[in-house]
2 protein chains.
Amino acid sequence: MIKELPSLVIPGATIEILKASCASCSMHQLCLPMGLDNNDMERLDQIIGRRRKVARGATLFRIGDAFQNLYAIRLGHFKTYQVNREGAEQITGFQMAGELLGMDAISADQHHCTAVALEDSEVCEIPFATLQQLLAEMPTLLRHFHRMMSQEITREQSVMLLLGNMQATQRFAAFLINLSSRYEARGYSPNTFQLRMSREEIGNYLGLTIESISRLLSKFKKEGLVRVSNREIELLDTRMLKAITAGTETCG
Amino acid sequence: MIKELPSLVIPGATIEILKASCASCSMHQLCLPMGLDNNDMERLDQIIGRRRKVARGATLFRIGDAFQNLYAIRLGHFKTYQVNREGAEQITGFQMAGELLGMDAISADQHHCTAVALEDSEVCEIPFATLQQLLAEMPTLLRHFHRMMSQEITREQSVMLLLGNMQATQRFAAFLINLSSRYEARGYSPNTFQLRMSREEIGNYLGLTIESISRLLSKFKKEGLVRVSNREIELLDTRMLKAITAGTETCG
DNA sequence: CGGTCAATTGACCACAGTCAAGCTTGGTGG
DNA sequence: CCACCAAGCTTGACTGTGGTCAATTGACCG
C-alpha cells in the first residue's frame, strides 16, 4: 500500500503524498487502527485519502468548512479553537500524534472549530463517508471509533471541571500534568518536554491571561516545581504538581 | 411491541416497565430513532431493555459504575456532574427529553459522570452491546448515532467557550437563550418555562456562585429582560438577551 | 404557627485582569 | 560583528469582577 504521487500545494499548507501505512506508523496502537488485525489494518489503510504535511501556523480546516474528512495526526501538534460572535478565540484543545481531528463536524456536516498546526506536522486524511461504510463491516474498528469519540467527550468534561471549578494555580498544574501523561503514553519523557504553544495560547485555553501564566511559571520555578527555559520545560516535582492539581497540597 | 411486566424497585429509583415504543414517543424525531423507517424503528424498539421511571433526586448512574446502557430521556430533566478529588462537583450539563445519557462511558467501559433526575423522569434503557450490533446493520441509525455523539462534543465546546471567555452576565444570558431554544425545538414556549434546576445548580454549571446568579436575575428583572417568580421564568426581551450572549449589546 | 430550605441582598475582600514598562530572544541587514 | 527591530515574555502597580460571609426575606410544609 505504498503510495507515490506528485506533491501539490493549497493556500497556507503544503500537501504531499508520503510513503506510509498504518502498520508502519508508530501511532497505530493509539490511533484509529488500534487493535485491528493485519487484514483489517490493510483495509483501513486503503481508504485513507492521503498523508499530507501541514506547515507550522497553517490551517487544516476552519469553522464553517464543509465536512469531508477526519484527520489523524501522524506527527506534530495542533490547536483547535472556537470563535464567538465578538471574534474572540477560545482554544478548545491541543492535539498531538495519534489523536483525531474533526469529530465535532459530524453533527452538522461542517466544522465547528478551526484547527491550526503548532509546528510542522503530518496528518492522515480519512474520508468520513468511506470510513462509515467500513465501520459497518469491522466491529473492532467501530468499537474503537466510538471509544475515541467518547474519549473526546470525557476530555472536554475534564476541561469544563477545570474551567468551572479550579483556581489559576490548579488549572496550570493540571495542564502540565496532562501534557506530561500524554507524552509518557507516547513513549517520550514525562518530565522534560517542549511546550509547543505560546504562553498566550496556554492562557487562552485555561481561561487566564498571558500575564497570569507568566507569573505562575515564575512561581513554580521559585518553588522548585519546574525548570523553564523558553518553551523547554522540566517537571522537577511531579508529585507536588499532582497534589496541586487535585487540590490536596498541604504546604504553600 | 407493547410490553407489560411487573414493576420493580432498585435503591433510589423506581423502575417500571411502561407500555411504550419509539413510534409512539413524541421525541422520536429528536432522539436516536430520528429518520428511521417503520421497519428499522421496530428493530430498534426491540433492543430497548426497558422503560423506567427515575424519581426526582434519584441517581440513574454514578461515576465508576460499569457501563452497560445508554439512556434516552423520554420525559423529564437530568443533570450530569463530575466530581474532582476534593469532592467538589462540576455540573457538566442539563439534559432534557430526546437527549442521550451515558456516551462518555464508552471510552473506558465505566461512567465518568453521575446522572441525577431533576424531576420525576422516564428513560429508555439502551443496552450498548446490542445497539452496536444494530449499528452495523442500519446505516441510518449509525449515521444518526454519530451525529448525536458529535453534537455532544460540540455542545461541550460551547460550554468551554462560555467558561473560558465570557463574563458572568454573558454566561447567564447564554444559559437562558440555550434553554429557550431547546424548549422551542421540543414544541414548548421559548419564552416561558420552568427552571428545573436550583440557583445553586445553575451557578455550579456556569462557574459562578449562587449569589451571583441571584444578583444577575435581579439585574435582568430590573432591566425588564425577564420576569421571574421562583423557578418560573419569562423571557421578555429575547433580542437583548441574545445580544448580551453575543457580547454585542450597546446600552448598559 | 414555627421550622426548614432556598433565594435575595448588602458589605467587604481577594484573585486574577488590566495597563504599562522593561527585558529576552531571534532574525535581518549594514 | 554589532545595531536594530519585532515579538514574546516577565514583572510591577493598580483595579474590578465576582467570591465570601452574614443577615434577611420568602416559600413550602407538617
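Just so it is clear, the model here is predicted, and its values are computed rather than measured. Below, chain A is the first sequence line, B the second, and so on; all start at residue 1.
- A salt bridge (Lys or Arg N to Asp or Glu O under 4.0 Å) check over residues 76-85 of chain A, counting only residues at least two apart or in different chains, returns the pairs A:Lys79-A:Glu201.
- Put simply, CD1 on B:Ile210 is 7 Å from C1' on C:dA6, counting in whole angstrom units.
- At the phosphate of C:dT8, OP1 or OP2 sits under 4.0 Å from a side-chain N or O atom of B:Ser214.
- Direction of the helix axis in the helix from C:dC1-D:dG30 to C:dG30-D:dC1 shifts by 30° between the two five-pair termini, rounded to 10°.
- Counting heavy atoms of neighbouring residues, nucleotides and ligands inside a 6.0 Å radius, atom CZ of B:Arg231 exceeds 12 of them.
- A salt bridge links A:Arg182 with A:Glu99: the distance from a Lys NZ or Arg NE/NH1/NH2 to an Asp or Glu carboxylate oxygen falls below 4.0 Å.
- Using a 3.5 Å distance cut-off with no hydrogens or angles, the side chains of A:Gln95 and A:Thr80 do pair a donor with an acceptor.
- Residues of residues 197-208 of chain A that place a heavy atom closer than 4.0 Å to DNA chain C, in numerical order, are A:Gly207, A:Leu208.
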With the criterion being N/O to N/O and under 3.5 Å, what pairs connect the protein with nucleotides 12-15 of chain D, and how long is each?
unit_1: D:dG12; atom_1: N7; unit_2: A:Arg215; atom_2: NH1; d: 2.9
unit_1: D:dG12; atom_1: O6; unit_2: A:Arg215; atom_2: NH2; d: 3.4

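- More than 12 heavy atoms of other residues, nucleotides or ligands shown are found within 6.0 angstrom of CZ on B:Arg186.
- Under the 3.5 Å distance criterion, with hydrogens and angles disregarded, no donor-acceptor pair is assigned to the side chains of B:Gln157 and B:Glu152.
- The distance from atom CZ of A:Arg56 to atom C1' of C:dG26 is 12 Å, rounded to the nearest whole Å.
- Using the six-membered ring where Trp is involved, A:His111 and A:Phe61 have ring planes that are parallel, under 30° apart on the 30 and 60° scheme.
- Following rounding to the nearest Å, B:Ile213 (CD1) and D:dT17 (C1') show an atom-to-atom distance of 14 Å.
- Heavy atoms of B:Ser212 sit under 4.0 angstrom from primed sugar atoms or phosphate atoms, though from no base atom.
- The side chain to side chain contact (heavy atoms under 4.5 Å, CB included) test with B:Thr114 is passed by exactly one of B:Asp65, B:Ile91, B:Thr59: B:Thr59.
- Between B:Tyr188 and B:Phe193, the distance from one ring center to the other does not fall under 6.0 angstrom.
- The pair A:Glu125-A:Arg50 meets the salt-bridge criterion, with a side-chain N (NZ, NE, NH1 or NH2) lying under 4.0 Å from an Asp/Glu carboxylate O.
- Atom CG in B:Leu217 sits roughly 15 Å away from atom P in D:dG18 (whole-Å rounding).
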Check the interface with nucleotides 25-30 of chain D: list each N/O to N/O pair with the protein under 3.5 Å, or write none.
none

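- Checking B:Gln194 against B:Glu232 by side-chain atom types alone, a donor-acceptor pair falls below 3.5 Å.
- Taking a 4.0 Å limit (strictly below) on heavy-atom distances, residues 158-179 of chain A reaches DNA chain C at A:Gln167, A:Ala168.
- In terms of heavy atoms, B:Arg74 sits closest to B:Cys25 at NH1-CB, 3.6 Å.
- Residue A:Thr209 is the one, among A:Thr209 and A:Ser229, whose nearest nucleotide of DNA chain C lies closer to the 5' end (criterion: closest heavy atom).
- A:Phe172 and A:Phe220 have their aromatic ring centers within a separation under 6.0 angstrom.
- Ion pair B:Arg196/B:Glu119 flagged as a salt bridge, since at least one NZ, NE, NH1 or NH2 atom sits closer than 4.0 Å to an Asp/Glu carboxylate oxygen.
- Between A:Ile213 and the choices A:Arg171, A:Glu200, A:Arg199, the side chain to side chain contact (heavy atoms under 4.5 Å, CB included) rule is met once, by A:Arg199.
- Summarising the geometry of A:Gly224 relative to A:Asp237, their closest heavy-atom pair is O-CB, 4.3 Å, with the distance given to 0.1 Å.
- Distances shown here put every side-chain N or O of B:Ser218 at or beyond 4.0 Å from the OP1 or OP2 atom of C:dT8.
- Summarising the geometry, the separation between NZ on A:Lys219 and P on D:dT10 is reported as 15 Å, rounded to the nearest angstrom.
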